[in-house]
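Keep in mind that the numbers below use all heavy atoms, side chains included, and drop hydrogens, waters and symmetry copies. Model, not experiment: these values are computed from the prediction.
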Amino acid sequence: MRSPWLNKLSVILGPRPPVSWLFLCVVSLLALITVFGSSSSSSFDSVTSTWVPESYKNYRRLKEQAAVDYFELRTLSSGASRQRELVFCGKERENYVPCYNVTANLLSGFKDGEEFDRHCEVVGQGKWCLIRPPKDYKTPLQWPAGRDVIWSGNVKITKDQFLSSGSMTKRMMLLEENQIAFQSDAGLTFDGVKDYSRQIAEMMGLGSDSEFLQAGVRTVLDIGCGFGSFGAHLVSIKLMALCIAGYEATGSQVQLALERGLPAMIGNFITRQLPYPSFSFDMVHCAQCGIPWDKKEGMLLIEVDRLLKPGGYFVLTSPKSKPHGSATGTKIRNMLTPLEQFPEKICWSLIAQQDETFIWQKTADAQCYSSRKQNDVPLCKGHDASYYQALSPCIIGPSSKRWIPIQNRSSSSELSSAELALHGNPEDFFEDLQGWKLALKNYWSLLTPLIFSDHPKRPGAEDPLPPFNMVRNVMDMNAHYGGLNAAFLEEKKSVWVMNVVPVTSRNMLPLILDRGFPGVLHDWCEPFPTYPRTYDMLHANGLLSHLSSERCSLMDLFVEMDRILRPE
């Protein structure tokens, strides 16, 4: 017995439909499946799939499509049927960093140093506006000249602050009225950066700082980095040095370092963990960084221990050799006294002391954790959550598969297959790199007419090759495996990448940091901890798929991207 639906169909088509009609139906059905299947498959990003970038041939078509996409996103985010022009912010916001409002934090009840910390929950939704550059702003010099000479009008710092700064990492010389040159080693013999770096290497038992890589030191976290002179030197000897310092309304260390084209971001040692996973760095360095290491029952040192890889080094330079009668000398001696006792409780050993510099080494022996005393710092239990969580009173033991002493790693700058296997399938990482190498060539080709022509056009044979240093830094807003960073290195581009891993994506930041790349966890529903005008290029492949929360606004994201990008 046939259904009523089939009876109606047979009345319309007859008892035996024509073969040509059936063939047409099958073709139409296949076409619908193809269209809907492709659209649905592209609506989300797969972490495990291998991405092969599309090779764009037509620049004008790409530009027109980008304009259409931007219009749709802007209309969607504003909820309006037509575009609205955003106004410019006032002059007082030229160096504005959201989430760091000390007055608002105090009114919200934060105290004991917490008012200087990052509190995005305190900052309400204000009126959207675009931050304009200072009146005297100039495009930074290309690398490597821009590392040592910057335009004074690009940063919020006064000449008095320059001249009053006399520490090792803040030595500099004003060349002209509108330029600042960083001459950390000009005429300096005792406290020059190169001599200081060599002194640290010799205290570690090395012949010179050129042997840092052989000793397993690839990545350095420089706390309170001054104006970045030490980090600039480490970068010159092929180390990755990331500067972190607290937010400063004027005279910012982070802003100065980024203006020089050096890796840096705002980060505080106050009450919360930094947004990096455990075992992230080979060395943590503090030269007169102002951190009260003797406070908070040692939890600041425990945070350093969490960040250090096994066998890693904590270097502390503090001017303890002050006159004994001075208040400063008494304060520093009081701080250093607990530092002579507490490190033993977390399996550190003091390996060298010379003048004002101390070097502790985190144990590379897993047995140390099982042979400690009962009153030592306990081992942590459970998951290591590292996105601005409260400081922990416990230390991470050797149970993690990433607990590998830095001296046992391959001496090559690339991870071995065994080291890559800790994070997944090495073949996936290799295929990812090949895709990004192709993408990078396409990007460079598309950027050529933008850099060299007032009228962008389709790249052709007559266009000059883009310089290897036409951008100094790139923020990869959804870094995945860090493949774009690896492609830049393989193509010998003079650029560093801040690899940002969204907190809603698969956390591949341990892989990125193990590869020796700078990186950080971040929630893109919040502003990024940096100053305005600090990146030459933003890269956001697949980012929008991670903005699923109701508190995320596309307009907030695009205004934040505009704040981060440098003019031009």
Side-chain angles (χ1 to χ4, degrees), residues 66-108 115-140 151-157 246-252 254-256 258-259 264-266 473 475 477 498 500 502 522-540 543-544 546-547 549-568:
V68 172
D69 291 344
Y70 176 75
F71 176 80
E72 292 178 351
L73 287 169
R74 187 169 181 178
T75 302
L76 176 64
S77 62
S78 63
S81 59
R82 58 188 180 88
Q83 295 190 60
R84 293 182 294 113
E85 291 293 333
L86 295 184
V87 299
F88 285 108
C89 306
K91 181 178 175 59
E92 71 281 357
R93 285 205 168 193
E94 286 180 354
N95 296 278
Y96 173 64
V97 180
C99 302
Y100 290 92
N101 188 324
V102 177
T103 302
N105 292 342
L106 286 170
L107 293 175
S108 299
E115 66 271 21
F116 300 104
D117 216 336
R118 173 184 172 91
H119 295 286
C120 295
E121 69 278 8
V122 173
V123 182
Q125 175 63 55
K127 184 179 179 181
W128 286 312
C129 63
L130 302 178
I131 295 178
R132 70 179 82 196
K135 180 181 178 181
D136 298 329
Y137 183 87
K138 294 184 179 181
T139 302
W151 302 108
S152 56
N154 291 8
V155 294
K156 189 175 182 181
I157 193 166
Y247 167 75
E248 299 167 277
T250 181
S252 167
V254 170
Q255 188 183 36
L256 263 291
L258 284 165
E259 188 63 26
M265 61 176 287
I266 301 172
N473 62 354
M475 178 183 287
M477 302 173 71
M498 176 60 78
V500 183
H522 183 65
D523 182 354
W524 280 114
C525 295
E526 300 175 351
F528 190 81
T530 190
Y531 288 83
R533 306 173 300 279
T534 45
Y535 284 86
D536 294 337
M537 182 190 297
L538 300 183
H539 184 261
L543 176 65
L544 296 183
H546 296 294
L547 300 181
S549 172
E550 293 182 357
R551 66 188 180 92
C552 297
S553 162
L554 284 177
M555 184 60 80
D556 285 339
L557 176 65
F558 281 108
V559 170
E560 173 64 4
M561 292 167 69
D562 183 80
R563 185 184 73 88
I564 294 173
L565 273 175
R566 288 191 176 98
E568 303 295 331

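In this structure, the separation between CZ on Arg93 and CG on Leu130 is 11.5 Å, given to the nearest 0.5 Å. From Leu565, atom CG reaches atom CD of Glu560 across 10.0 Å, with rounding to the nearest 0.5 Å. To the nearest 0.5 Å, atom CG of residue Leu256 and atom NZ of residue Lys156 are 13.5 Å apart. Taking OH of Tyr96 as the start and CZ of Arg563 as the end, the distance is 8.0 Å to the nearest 0.5 Å. In this structure, CG in Asn105 is found 5.0 Å from NE2 in His119, a value given to the nearest 0.5 Å.
Taking 4.5 Å as the limit, every side-chain heavy atom of Ile564 sits out of range of all side-chain heavy atoms of Met477. The shortest distance between side-chain heavy atoms of Cys552 and Leu557 does not fall below 4.5 Å. Taking the side chain as every heavy atom from C-beta outward, Met475 and Val500 approach each other to under 4.5 Å.
Taking the side-chain contact (heavy atoms from CB on, under 4.5 Å) definition, one finds that Arg132 meets it with Phe88, sequence neighbours left out. Not a single salt bridge (charged side-chain N to carboxylate O under 4.0 Å, His left out) links Glu115 to another residue, sequence neighbours left out. Applying the side-chain hydrogen bond (donor to acceptor under 3.5 Å, both in side chains) rule to His522 yields no partners; only residues at least two apart in sequence or on another chain are considered. Taking the side-chain contact (heavy atoms from CB on, under 4.5 Å) definition, one finds that Ala249 meets it with Tyr247, sequence neighbours left out.
Within the 3.5 Å criterion, the main-chain N or O of Tyr137 finds no donor-acceptor partner in the side chain of Trp151.
Scanning all heavy atoms of the two residues, the minimum distance from Asn154 to Glu259 falls at ND2-OE2, 3.0 Å.
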Only pairs under 3.5 Å count here: list side-chain donor-acceptor contacts from residues 525-536, not counting sequence neighbours, and write none if there are none.
| unit_1 | atom_1 | unit_2 | atom_2 | d |
| --- | --- | --- | --- | --- |
| Glu526 | OE1 | Arg118 | NH2 | 3.2 |
| Glu526 | OE1 | Tyr387 | OH | 3.2 |
| Thr530 | OG1 | Thr534 | OG1 | 3.1 |
| Tyr531 | OH | Glu248 | N | 3.0 |
| Tyr531 | OH | Glu248 | O | 2.9 |
| Tyr531 | OH | Ser252 | OG | 2.9 |
| Arg533 | NH1 | Glu94 | O | 2.7 |
| Arg533 | NH2 | Glu94 | O | 3.1 |
| Arg533 | NH2 | Asn95 | OD1 | 3.3 |
| Thr534 | OG1 | Tyr531 | O | 2.8 |
| Asp536 | OD1 | Arg566 | NH1 | 2.6 |
| Asp536 | OD2 | Arg472 | N | 2.7 |

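The number of heavy-atom neighbours closer than 6.0 Å to CD of Glu92, taken from other residues, nucleotides and ligands shown, is above 12.
Among Leu86, Asp562, Val559, Val87, the one residue that satisfies the side-chain contact (heavy atoms from CB on, under 4.5 Å) test with Cys129 is Val87.
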